[in-house]
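Letters go in sequence order (proteins before strands), and every chain restarts at 1.
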Amino acid sequence: MSITVHTPLLRRRYRADRRFRWYGLMALAFALTFLLFFFVDIIHKAMPAMQQAEVKVTVHYSPAVIDNYNKAVSRIDRRIVSKSWLRSLPRTLKAHPEMMGKSEELWLLAESRVDQYLKKHEGHGLKSKYQARVDALRQQSKTRMAFNTTFFSNGDSKLPEYAGVLAAAIGSVLVLLITMSLAIPVGIMTAIYLEEFAPDNYFTQAIEVNINNLAAIPSILYGLLGLAVFINFAGVPRSSALAGGLTLALMTLPVIIISTRAALRSVPESIREAAMGVGASQLQSVWHHVFPLAFPGILTGSIIGMAQAMGETAPLLIVGMMAYIPDAPGSMLEATTVLPAQIYTWSSESLRAFEERTAAGILVLLTVLLSLNAFAVWLRRRSEQIW
Amino acid sequence: MQTSDLIFWLVAGLAIMSALVFWLSRNKAMSMETGEKTLHSRLGYYGWYGALMLLIPAVVVALFFSGLHLFHIYSMPPTVLLVLSFSSGLVGAGIAFSHISVDFRARQSVEKMVRALLFSAATLSILITLGIVLSVLFESIQFFKVISFWEFITGTRWEPDTAFLIGAGRADEGIAAPHFGAVPIFAGTFMITGIAMLVAVPVGLFSAIYMSEYASHNWRGRLKPMLEILAGIPTVVYGFFAAITISPLVVQFAESVGFEADYTNALAPGLIMGVMIIPFMSSLSDDVIRAVPQDLRDGSLALGTTQAETIRHVVLPAALPGIVAAFMIAISRAIGETMIVVMAAGLRPNLTMNPLEGMTTVTVKIVEALTGDQEFDSAFTLAAFALGMVLLVVTLLLNVISSFVVRKFSQRYE
């Protein structure tokens, strides 16, 4: 139905109306375009890291290699092959003396500058002398691009071609386990108390106001708390998984309390009344009826809280979790790093090859976090109940 | 014995003992039941009663003596602590065991204890707040013993570089006194927060208006989770994006219009922070706008206003307290945000109005002071706690104001 507009005033008002609606659309379009641009940019930056250059060079297992591993390859190739393999050679030779004196042609991990040069990235930093050598190798098709398995099977390294996310991923899991085992039980217990048992008095109100305040406190202040209380006062080792896990547990506690309370509140009063009507005590009605019904909601909230904890960096920097950690931690008292902290340390490295590794680390982190969040949303949709 | 061993033995020992006591108490109750007299409570409650009577005293004793140790009041060898904890648990279990009889009201006792447990979990949150406030306060007091509070709040020079020399006892070697004037840091924080709000408020608010007033139910269901992805992206990722992608773009753009920009300009982190905050603004506003009753809209439309006029003159005023609260929460997020500014903003405190220059923020200075290898008690690291206190006070104030606004001004519709 179209309305013919006659008066100029009305026409102006209708124009203003359309304009207003258009502002809303523009705002949404801005946010979504940004999201798209962001993902395309990160993926674009991360994709090169999935491939890693390898070069085929001749390796000589001479006795001199035991003292100086560089002697295994020709002088020019020393700058082309990654040190990561070469430096393990003396040990291999000692273990297998029968290899001594032989030489063979092997596909080896290329040095990061060579890798960047082959990927034609600006700022690769490879000197022209070595560029010529790489070009020659490429003409003999002695260079190739292989899937970068090192990235997923290794810890951090000062050699970009040898650096990976595995140690950080294990650290993240360790820290999250500590966070989870503390924050979720305490959070659920607090929420059950406040929602089901607490009398309406000043003390309860104080706790409620306090939890809202805790949720608003910036995460970095939890880092200051962790530093002052756990590390300086209680003597938890700096940069250990325990220090990080405890700090994150305090940080996620209000999130879990608030979401659990919302889930408990969405269970209708009639369920409680019916349970008590057939003689259940208050605790029985909560434990047998209200809690199981609220469980999907509680789970959703806990997953979102854990995803938040997993992506958090600032408080962990304060408790020292940005150390250089090449190996996965063996216990929760050893120095550990986590994925976001690893991303942060890589992003401040100057070598060009670390930039794509930072982006690839981000991609790993985002994949995990977004799937956690998507799982939570799916769970919420599935268990949504209209009473 | 190491602390970790102590914790391991405590947990393992208590787990095994409580399982054993659970089983014993349950069996005792079962054996007491005869044909003519049935137990007062269900069987499991007797088991739980025994287990809780073991666990609660044991854990309380362990925590009490650990606390004494931490406060340097009284220390004992870990093995003694372990024995003390276990024996007090066993005493509790013994008492529980002697209580068990056919008439014993096990359920009531268990429920009382569970309630006490839930209550103590709830009081933990107060302890956390106390911990934050005290840890920040104590170190700040240390700091303000050296630097006057007034200089910190009003000084315009932040030159702490010589503080560590004084900390090392070399104050008399004629070095320049360190300056801890935080005004340039506050200015940088306000500048970046301001830029962020300039992005987040219009985009967030208009998105919320569109989603709640114009979009169909289906579209709203699709758009809202997509916007919330923005809040789910870790801040370290935003920081990388701001530093690597946006900052060079800002520099290029500034050059193309004839300005000069630093790579650590305040604009790039501000813009990205604004994008990060959009979902806070839009979700909260969306909720309050949708809470405005349909009657108000219908009444206004019936008077012949257009939809935009209804929204502007009726819906938004009605939702204003909630929107203001959302605004406050968004500001406190922006002020406390750390990683974006650490990675993309500058380190040098700079008192300027030009967003293209490098500026630094409170959170950057906290991270800088606490991740270096400075002695923990030098004025330089203590300054971090003083800045943290300012941050804490400001966010708490914002939170109090926002809840006050909501409580005082929101309308209640029947």
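Chain B forms more heavy-atom pairs under 4.5 Å with one residue of L372(A), I207(A), V319(A) than with any other, namely I207(A). No other option in S135(B), S66(B), S282(B) has as many heavy-atom pairs under 4.5 Å with chain A as S135(B). When each of L230(B), T338(B), T306(B) is checked for heavy-atom pairs under 4.5 Å with chain A, T306(B) comes out on top. Each of G311(A), G226(A), S348(A) has some count of heavy-atom pairs under 4.5 Å with chain B, and the biggest count is that of G311(A). The most heavy-atom pairs under 4.5 Å with chain B, out of P185(A), G361(A), A359(A), A198(A), come from A359(A). Among S281(A), G320(A), S347(A), A341(A), the residue making the largest number of heavy-atom pairs under 4.5 Å with chain B is S281(A). Per-residue heavy-atom pair counts under 4.5 Å with chain A were compared for L391(B), T235(B), L124(B), and the maximum is reached by L391(B). Contact tally against chain B (heavy-atom pairs below 4.5 Å) for L35(A), I343(A), N373(A): the top residue is L35(A). Between chain B and the residues I42(A), L225(A), L242(A), the most heavy-atom pairs under 4.5 angstrom are made by L225(A).
Using cut-offs of 30° and 60° on the angle between ring planes, the pair Y238(B) and F38(A) is tilted. Taking the six-membered ring for Trp and thresholds of 30 and 60 degrees, F119(B) and F203(A) have ring planes inclined between 30 and 60 degrees apart.
Judged by distance alone, the side chain of N210(A) and the main-chain N or O of S125(B) form a donor-acceptor pair under 3.5 Å.
Heavy atoms of F280(B) lying under 4.5 Å from chain A are absent altogether. With a threshold of 4.5 angstrom between heavy atoms, V377(A) does not approach chain B through any atom at all. Only the side chain of L370(A) comes within contact range of chain B, judged by heavy atoms closer than 4.5 Å. Of the two parts of Q308(A), neither the backbone nor the side chain holds a non-hydrogen atom closer than 4.5 Å to a non-hydrogen atom of chain B. For V136(B), the part lying near chain A is the side chain, with the backbone staying farther off; criterion is any non-hydrogen pair under 4.5 Å. Contacts of F138(B) with chain A are absent, with no heavy-atom separation under 4.5 Å from either backbone or side chain. With a threshold of 4.5 angstrom between heavy atoms, L392(B) approaches chain A through its backbone and through its side chain. Contact of E196(A) with chain B is not made at all, since no heavy-atom distance falls under 4.5 Å. The parts of L317(A) that come within reach of chain B are both its backbone and its side chain, each placing non-hydrogen atoms under 4.5 angstrom from that chain. Heavy-atom distances place no part of I329(B) under 4.5 Å from chain A, backbone and side chain included. The contact between F34(A) and chain B is made entirely by side chain atoms (from C-beta outward), counting heavy-atom distances below 4.5 Å. Proximity to chain A (any heavy atom under 4.5 Å) is shown, for M226(B), by both the backbone and the side chain. Contact of L130(B) with chain A is not made at all, since no heavy-atom distance falls under 4.5 Å. Of the two parts of V110(B), neither the backbone nor the side chain holds a non-hydrogen atom closer than 4.5 Å to a non-hydrogen atom of chain A. The parts of I126(B) that come within reach of chain A are both its backbone and its side chain, each placing non-hydrogen atoms under 4.5 angstrom from that chain. In this structure, chain A has heavy atoms under 4.5 Å from both the backbone and the side chain of L70(B). Contacts between V367(B) and chain A at a heavy-atom distance below 4.5 Å involve backbone atoms as well as side-chain atoms. Within the 4.5 angstrom heavy-atom criterion, no atom of F230(A) approaches chain B.
Here the straight-line distance linking atom CG of L227(A) with atom CD of E139(B) works out to 8.0 Å at 0.5 Å rounding. For the atom pair CE of M113(B) and CG of L283(A), the computed distance is 11.5 Å after rounding to the nearest 0.5 Å. A distance of 9.5 Å separates CD1 in I311(B) from CZ in R21(A), rounded to the nearest 0.5 Å. Annotation: the span from I209(B) atom CD1 to L25(A) atom CG amounts to 12.5 Å, rounded to 0.5 Å. Going from atom CG of L227(B) over to atom CG of L32(A) covers 6.0 Å, rounded to the nearest 0.5 Å. Between the CG atom in L224(A) and the CE atom in M389(B) there is a gap of 12.0 Å [rounded to 0.5 Å].
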Quick one: side chains of residues 212-223 of chain A, donor-acceptor pairs under 3.5 Å with protein atoms, not counting sequence neighbours, listed by atom name and distance.
{"from": "N213(A)", "atom 1": "OD1", "to": "N399(B)", "atom 2": "ND2", "distance (Å)": "2.5"}
{"from": "S219(A)", "atom 1": "OG", "to": "E312(A)", "atom 2": "OE2", "distance (Å)": "3.2"}
{"from": "Y222(A)", "atom 1": "OH", "to": "L214(A)", "atom 2": "O", "distance (Å)": "2.9"}

Output a table of donor-acceptor pairs, distance under 3.5 Å, between side-chain atoms of residues 233-241 of chain A and any protein atom two or more places apart or on a different chain; print 'none' if there are none.
{"from": "R238(A)", "atom 1": "NH2", "to": "L370(B)", "atom 2": "O", "distance (Å)": "3.4"}
{"from": "S240(A)", "atom 1": "OG", "to": "P237(A)", "atom 2": "O", "distance (Å)": "2.8"}
{"from": "S240(A)", "atom 1": "OG", "to": "A243(A)", "atom 2": "N", "distance (Å)": "3.2"}

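Aromatic pair F30(A)/F206(B): centroids not less than 6.0 angstrom apart.
For residues 249-257 of chain A, a heavy-atom distance under 4.5 Å to chain B picks out L250(A), L253(A), given by residue number.
The heavy-atom pair separating L28(A) from M211(B) by the smallest distance is CD1-CG, 4.2 Å.
For R357(A), the salt bridge (charged side-chain N to carboxylate O under 4.0 Å, His left out) test picks out no residue, with sequence neighbours left out.
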